[in-house]
Number of protein chains: 2
Amino acid sequence: MPMNATPRQSDKAAARAANSQLVRDFGLLIKSATRLEQRIDSALRRECGISHTMLEVLIRLCRQPGEEVSQRQLADDLTLTSSGTTRLIDRMEEAGLVRRLPSPEDRRVALVEPTDEGRAVFLRAAPVHARVVEECFVKPVAPDDYARLTSALSEIHQALGEDAG
Amino acid sequence: MPMNATPRQSDKAAARAANSQLVRDFGLLIKSATRLEQRIDSALRRECGISHTMLEVLIRLCRQPGEEVSQRQLADDLTLTSSGTTRLIDRMEEAGLVRRLPSPEDRRVALVEPTDEGRAVFLRAAPVHARVVEECFVKPVAPDDYARLTSALSEIHQALGEDAG
DNA sequence: AGTCAGCAATTGCTTGCTCAGTAATTGAGA
DNA sequence: TCTCAATTACTGAGCAAGCAATTGCTGACT
């Protein structure tokens with residue numbers, strides 16, 4: 001494997017790879033998603049006093065009454081580690097938004113349930129969330145593109161789920 | 001503003017809003033982007049010893065020789081605060097990947113320049129990056145959808161850039 | 001019954017970021 | 001020319017996440 005002082009052919013190829021359209025498209029995805037999430041997060045903090053992550057938890061807990069969710073399930077849904085989830089739920093419990101209760105079926109699992117306060121906050125936050133999504137995500141996209149966008153995202157998401165290594 | 005014990009009509013509407021297709025589509029975007037970035041990041045750490053963020057810096061520094069970039073510019077490009085950028089460059093300088101030099105035009109700005117080591121790492125990392133992007137982002141998407149995906153992303157990105165408040 | 005591999009949750013430590021506040025420098029207007 | 005608001009970078013403090021190691025529990029296999 002010879003190493004020259006002057007750039008080799010393959011070096012130029014590598015440099016080109018980093019600037020390829022595909023890689024830039026990818027960058028656009030990451031950047032847009034990052035900014036979107038920041039937008040949502042700051043709107044929620046300002047108007048409702050909770051983070052976006054906390055709202056995502058509440059969304060899953062408030063689907064229907066009596067349907068508690070395990071931390072494991074939340075972790076998977078939110079793309080978090082279990083330790084991250086533990087501490088997220090700690091903070092939400094501290095804030096009076098949720099409550100932990102032991103699972104009757106498996107004493108390892110901690111089920112999470114919203115408090116009345118949690119439900120109330122959810123009801124205030126959901127429209128804020130929906131509003132920002134509408135403004136920053138749905139509205140800017142041409143209707144023709146929208147369907148393709150979501151199907152592309154599903155494909156990506158599914159591919160990522162399969163080879164979960 | 002009357003408050004009843006039983007859920008009001010508007011509460012149901014709020015709950016429905018949180019479960020609307022639009023909001024779920026948005027969730028899919030966030031989740032896919034998060035996972036994609038994790039994938040890239042861990043591949044780069046494992047195979048090249050740098051984070052995804054660091055590679056993004058190197059990409060911008062290695063475009064062409066002699067084109068130094070200010071930290072401000074990097075911060076904007078990477079969606080970071082300026083203090084985050086300061087410390088990122090601190091770490092990269094520590095690792096011997098980049099060097100700071102004062103701007104001759106404006107003594108406030110710190111220009112950033114890659115070292116030889118930084119360029120070498122970039123050349124090793126770029127193909128890894130490209131490979132994962134290809135596998136996880138480009139390949140899973142049907143060709144018909146791909147063009148729409150990127151145009152949708154551009155529209156979103158542009159909309160986010162305009163009302164930068 | 002007894003063992004043991006595996007999973008859920010938690011905890012200590014580290015990392016990578018933000019926020020708020022500071023200092024130096026610039027450029028535009030009185 | 002002087003002043004002053006805006007801009008660039010840096011620093012201290014704090015927060016939210018990850019990783020690694022631990023505990024308690026479960027279910028499967030001998």
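Letters go in sequence order (proteins before strands), and every chain restarts at 1.
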Check your understanding: Between C:dA8 atom P and A:L74 atom CG, what is the distance in whole Å?
Key -> 13 Å

Check your understanding: What are the two closest non-hydrogen atoms of B:E155 and A:A142, and how far apart are they?
Key -> OE1-N, 3.4 Å

Review point. Does A:R107 have a side-chain nitrogen or oxygen under 4.0 Å from the phosphate oxygens OP1 or OP2 of C:dA8?
Key: no

Review point. Less than 3.5 Å between a donor and an acceptor, one on the side chain of B:S83 and one on the base of C:dC19, is that the case here?
Key: yes

Study note, to complete from the structure: By nearest-nucleotide position on DNA chain D, the 5'-leaning member of A:L80 and B:Q73 is B:Q73

Practice item. Kindly say if B:R72 contacts the phosphate of C:dT25, meaning a side-chain N or O under 4.0 Å from OP1 or OP2. Key: no

Point to revise | Nearest-Å distance for atom pair CD/C1', residues B:Q71 and D:dC10 | key: 9 Å

Review point. What integer distance in Å separates B:D106:CG from D:dA6:P?
Key: 17 Å

Point to revise | Salt-bridge contact A:E56-B:K31 (side-chain N to carboxylate O under 4.0 Å) | key: no

**Study point:** Atom-to-atom span, CG of B:L101 to C1' of D:dT8 - whole angstrom
**Key:** 15 Å

Check your understanding: Taking atom C1' of D:dG18 as reference, at what distance in whole Å does atom CD of B:Q38 sit?
Key -> 10 Å

Check your understanding: Expressed in angstrom and rounded to an integer, what is the separation of B:I89 atom CD1 from C:dG16 atom P?
Key -> 13 Å

Check your understanding: Between A:S82 and C:dA9, is there a side-chain N or O to OP1/OP2 distance below 4.0 Å?
Key -> no

**Study point:** Minimum-distance nucleotide (side-chain atoms of A:R45 versus D:dC10, C:dT18, D:dA16)
**Key:** D:dA16

Point to revise | Integer-rounded Å distance: D:dA17 P and A:M92 CE | key: 11 Å

Exercise for review: Indicate whether OP1 or OP2 belonging to D:dC10 is found under 4.0 Å from a side-chain N or O atom of B:R100.
Suggested key: yes

Exercise for review: With A:R99 as reference, evaluate A:E94, A:E113, A:E93, A:E117 under the salt bridge (charged side-chain N to carboxylate O under 4.0 Å, His left out) test and give the passing residue.
Suggested key: A:E113

Review point. What about A:R108: does its side chain form a donor-acceptor pair under 3.5 Å with the base of C:dC7?
Key: yes

Review point. So what does A:T53 touch, heavy atoms closer than 4.0 Å: a base, only the sugar-phosphate, or nothing?
Key: sugar-phosphate

Check your understanding: Has the side chain of B:R39 got a donor or acceptor atom that lies under 3.5 Å from a matching backbone atom of A:L160?
Key -> yes

Check your understanding: How is A:R87 classified with respect to the nucleic acid when contacts are heavy atoms under 4.0 Å: base, sugar-phosphate, or nothing?
Key -> base

**Study point:** Distance, rounded to the nearest Å, where A:E105 contributes CD and C:dA8 contributes P
**Key:** 14 Å

Check your understanding: Is a donor on one side and an acceptor on the other found under 3.5 Å between the side chain of A:S32 and the backbone of A:L29?
Key -> no

Check your understanding: Which one, D:dT7, D:dA16, C:dC7, comes nearest to the side chain of A:R91?
Key -> D:dA16

